[in-house]
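Single-structure report; data block below.
All heavy atoms count here, side chains included; hydrogens, waters and symmetry mates do not.
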Amino acid sequence: MGIHRIAPRAVFLDRDGVINRAIVRHGKPYPPGSLAELEILPAVSVALAKLRAVGFRLIVVTNQPNVARGTQTRECIESLHAALRAQLPLDEIRICYHDDNDRCSCRKPAPGMLLAAAREHDLNLSASFMVGDRWRDIEAGQRAGCTSLFIDYNYAENRPTQPYICVKSLLEAANWILAREISERYRRK
């Protein structure tokens with residue numbers, strides 16, 4: 001009788017609007033333009049600690065097209081990420097610097113960042129989750145085979161296509177994921 005190894009799972013997290021406050025102008029979200037504008041949202045550290053405690057890898061997957069557009073530098077993005085890593089228990093931050101016209105496989109809604117992380121870390125995507133605040137995040141999670149949770153801020157833009165779980169914060173998403181974990185354990189017994 002061999003040992004059955006369970007592949008690790010992840011919670012993939014969008015950055016702006018999920019971990020840190022998005023700058024909303026005319027109903028649309030934008031990234032912070034500097035460290036001075038970076039504000040970690042309430043209860044994010046609590047939510048991440050809960051998810052980490054039950055064994056999830058915590059991987060940020062973020063589109064940052066302002067680099068391709070010339071309105072933000074990679075150095076600025078990296079300084080924001082260094083600040084997030086210093087304050088939060090994140091395993092990895094994956095970044096797509098491309099814009100839509102680049103037609104890359106990493107820019108959400110393409111699932112490239114999630115698929116690459118799954119290959120690199122041998123993740124079970126069907127037991128993993130994607131938490132985001134925009135339709136692109138939700139579609140990337142769906143296309144990768146993850147359960148997607150949508151933090152709905154009622155932005156003035158396209159809404160995601162079902163199926164997804166609608167929540168109001170990362171903490172609510174974490175609590176939903178944990179409740180599902182408990183019900184799955186009881187179901188397997």
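The distance from atom CG of Leu90 to atom CG of Leu84, rounded to the nearest 0.5 Å, is 6.5 Å. Separating the SG atom in Cys106 from the CG atom in Asn63 is a distance of 8.0 Å, to the nearest 0.5 Å. Put simply, NZ on Lys168 and CG on Asp152 are 7.0 Å apart, with the number rounded to the nearest 0.5 Å.
Considering only heavy atoms from C-beta on, Leu51 comes within 4.5 Å of Leu58 through its side chain. A 4.5 Å side-chain heavy-atom check between Val60 and Asp14 finds every atom pair outside the cut-off. In this structure, Glu139 and Tyr164 have side chains that are not in contact, with every pair of non-hydrogen atoms separated by 4.5 Å or more. Using a 4.5 Å heavy-atom cutoff, the side chains of Leu170 and Leu149 are not in contact. With contacts defined as side-chain heavy-atom distances shorter than 4.5 Å, the pair His98/Pro65 does not qualify. Annotation: side chain of Glu172 is not in contact with side chain of Cys166 (no heavy-atom distance under 4.5 Å). Taking the side chain as every heavy atom from C-beta outward, Leu13 and Leu48 approach each other to under 4.5 Å. In this structure, the side chains of Asn175 and Lys50 come closer than 4.5 Å at one or more pairs of heavy atoms.
The two residues Pro8 and Arg57 make their nearest non-hydrogen contact at CG-NH2, 4.5 Å. Minimum heavy-atom separation, Ala140 to Ala110: CB-O, 3.8 Å. When all heavy atoms of Arg143 and Pro109 are compared, the closest pair comes out as NH1-O, 3.2 Å. The minimum heavy-atom distance linking Ser169 with Ile151 is given by the pair C-CD1, 3.7 Å.
When the side chains of ILVMFWY residues are joined at heavy-atom separations under 4.5 Å, either directly or via intervening members, Leu178 and Val131 end up in a single hydrophobic cluster. In the hydrophobic clustering of this structure, Trp135 does not group with Val18; members are Ile, Leu, Val, Met, Phe, Trp, Tyr whose side-chain heavy atoms approach within less than 4.5 Å, directly or through other members. Note: the hydrophobic cluster containing Ile23 does not contain Leu38 (ILVMFWY, side chain heavy atoms under 4.5 Å, direct or indirect links). Hydrophobic clustering of Ile, Leu, Val, Met, Phe, Trp and Tyr side chains at less than 4.5 Å, counting indirect connections, keeps Leu41 apart from Val46. Cluster annotation: Tyr153 is connected to Val167 through the hydrophobic network of ILVMFWY side chains, with a link wherever side-chain heavy atoms come within less than 4.5 Å.
By the side-chain contact (heavy atoms from CB on, under 4.5 Å) test, Ala43 is found to be paired with Leu171, residues two or more places apart in sequence or in another chain being considered. Residues passing the side-chain hydrogen bond (donor to acceptor under 3.5 Å, both in side chains) test with Glu78, sequence neighbours excluded: Tyr97. For Asp100, the salt bridge (Lys or Arg N to Asp or Glu O under 4.0 Å) partners at least two apart in sequence or on another chain are Arg107, Arg136. With sequence neighbours left out, the salt bridge (Lys or Arg N to Asp or Glu O under 4.0 Å) criterion links Arg94 to Glu92, Glu120. By the side-chain hydrogen bond (donor to acceptor under 3.5 Å, both in side chains) test, Arg103 is found to be paired with no residue, residues two or more places apart in sequence or in another chain being considered. Remark: Arg134 engages Glu157 in a salt bridge (Lys or Arg N to Asp or Glu O under 4.0 Å) (not counting sequence neighbours). Taking Gln64 as the reference, Arg15, Asp16, Thr62 meet the side-chain hydrogen bond (donor to acceptor under 3.5 Å, both in side chains) condition, with sequence neighbours excluded. Partners of Thr73 according to the side-chain hydrogen bond (donor to acceptor under 3.5 Å, both in side chains) rule, which considers only residues two or more places apart in sequence or in another chain, do not exist here. Applying the salt bridge (Lys or Arg N to Asp or Glu O under 4.0 Å) criterion to Asp133, with sequence neighbours excluded, gives no partner residue.
Ionic pairing of Glu181 and Arg9 is present here: one or more N-O contacts between side-chain nitrogen and carboxylate oxygen are shorter than 4.0 angstrom. Between Lys108 and Asp137 there is a salt bridge, since a side-chain N of the basic residue sits under 4.0 Å from a carboxylate O of the acidic one.
Each ring pair (Phe, Tyr, Trp, His ring centres under 6.0 Å) pair with one or both residues in residues 45-94, not counting sequence neighbours, appears once here: Phe56-Phe129. Applying the ring pair (Phe, Tyr, Trp, His ring centres under 6.0 Å) test to every pair with at least one member in residues 20-50, sequence neighbours left out, gives no pairs at all.
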May I have the step-by-step check of side-chain contact (heavy atoms from CB on, under 4.5 Å) for Val24 and Tyr155, ending in yes or no?
CA-CA 8 Å; Val24 180; Tyr155 295 139; 4.0 Å; yes

One pair to check against side-chain contact (heavy atoms from CB on, under 4.5 Å): Leu80 and Leu35. What are the steps and the verdict?
CA-CA 6 Å; Leu80 295 169; Leu35 277 175; 4.0 Å; yes

Where do Asn154 and Arg159 land on the side-chain contact (heavy atoms from CB on, under 4.5 Å) test, with the steps shown first?
CA-CA 8 Å; Asn154 289 311; Arg159 296 186 58 76; 3.8 Å; yes

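Considering Gln72, Glu37, Glu39 in turn, Glu37 is the only one that fulfils the side-chain contact (heavy atoms from CB on, under 4.5 Å) rule with Pro32.
Side chain of Asp102 to main chain of Cys104: no donor-acceptor pair is present (N/O by atom type, distance under 3.5 Å, no hydrogens or angles). Using a distance-only test at 3.5 Å, with no hydrogens or angles considered, a donor-acceptor pair links the side chain of Gln142 to the main chain of Thr161.
Hydrophobic cluster of Leu123: the remaining members, joined at side-chain heavy-atom separations below 4.5 Å, are Phe12, Ile59, Val61, Met113, Leu114, Leu115, Leu125, Met130, listed by chain and number.
Residues Arg180 and Thr147 bring a donor and an acceptor atom of their side chains to less than 3.5 Å of each other.
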